[in-house]
Visitor: 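Have a look at the structure that comes next, please.
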Amino acid sequence: MAVLNVTLYPDEPLLSVAEPIPSITPKIVKLASDMFDTMIEYEGVGLAAPQVGVAKRMFVVCEPEQAVQMCLINPVIVESEGREAGEEGCLSLPSVYADVPRATGVRVQAINEKGEALDFRAEGLLARIIQHELDHLNGVIFLDRVDLLTRQDKLMEWEERRQRYLEAVKER
Ligand code: NI
């Protein structure tokens, strides 16, 4: 069990486009396992590799009911449908929330950490989580998907929280 440090916005590599993973090495398998541990420790429903400092195209998600966990490597959304706003937060900007418009359903292709090919449809919260995490692989955060005024507002809120958060960490 290894809980990794979560990178806070706007630290790198959160703003970068992550690299594809050419093959599933033991290092990638270990990273997947550590990312599951980290997501659970922080009570997140999704965590992307750039959030633990690794600029690679991979993320882990929990099904909303937490029954199923998945690691998606080199994921691609091949179809999407519908559009709906819903509240999102992010472990890289803790305690900041905003309503973000997303597709209500997506079809996703990826491989998992066992090298198995996945091709499935997701709806509702799981579809939202997948879109949020996939954005992280392209250097995009959820606040990049809201209107400019809200974005500015929330980023200011985050900047204050971030300062307090960093000070609290320093004092510990
Ligand atoms: Ni996030």
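All values below come from the heavy atoms of this structure, side chains included, with hydrogens, waters and symmetry mates left out. Whatever order the structure lists them in is the order used to number ligands and atoms, beginning at 1.
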Visitor: Within the 3.5 Å criterion, strictly below it, is a donor on Glu159 or Gln163 matched to an acceptor on the partner's side chain?
Guide: yes
Visitor: Heavy-atom distance under 4.5 Å between the side chains of Ile24 and Ile111, does that happen here?
Guide: yes
Visitor: To the nearest 0.5 Å, tell me how far Tyr9 OH sits from Leu155 CG.
Guide: 5.0 Å
Visitor: State, yes or no, whether a side-chain contact exists between Glu79 and Arg121 at a heavy-atom distance under 4.5 Å.
Guide: yes
Visitor: For residues His136 and Ile141, determine if any side-chain heavy atom of one lies less than 4.5 Å from a side-chain heavy atom of the other.
Guide: yes
Visitor: Mind listing the protein N/O/S atoms less than 2.8 Å away from the Ni ion (ligand 1)? Waters don't count.
Guide: Cys90 SG, His132 NE2, His136 NE2
Visitor: With distance as the sole test, does Arg57 use its side chain to make a donor-acceptor pair with the main-chain N or O of Leu137 at under 3.5 Å?
Guide: yes
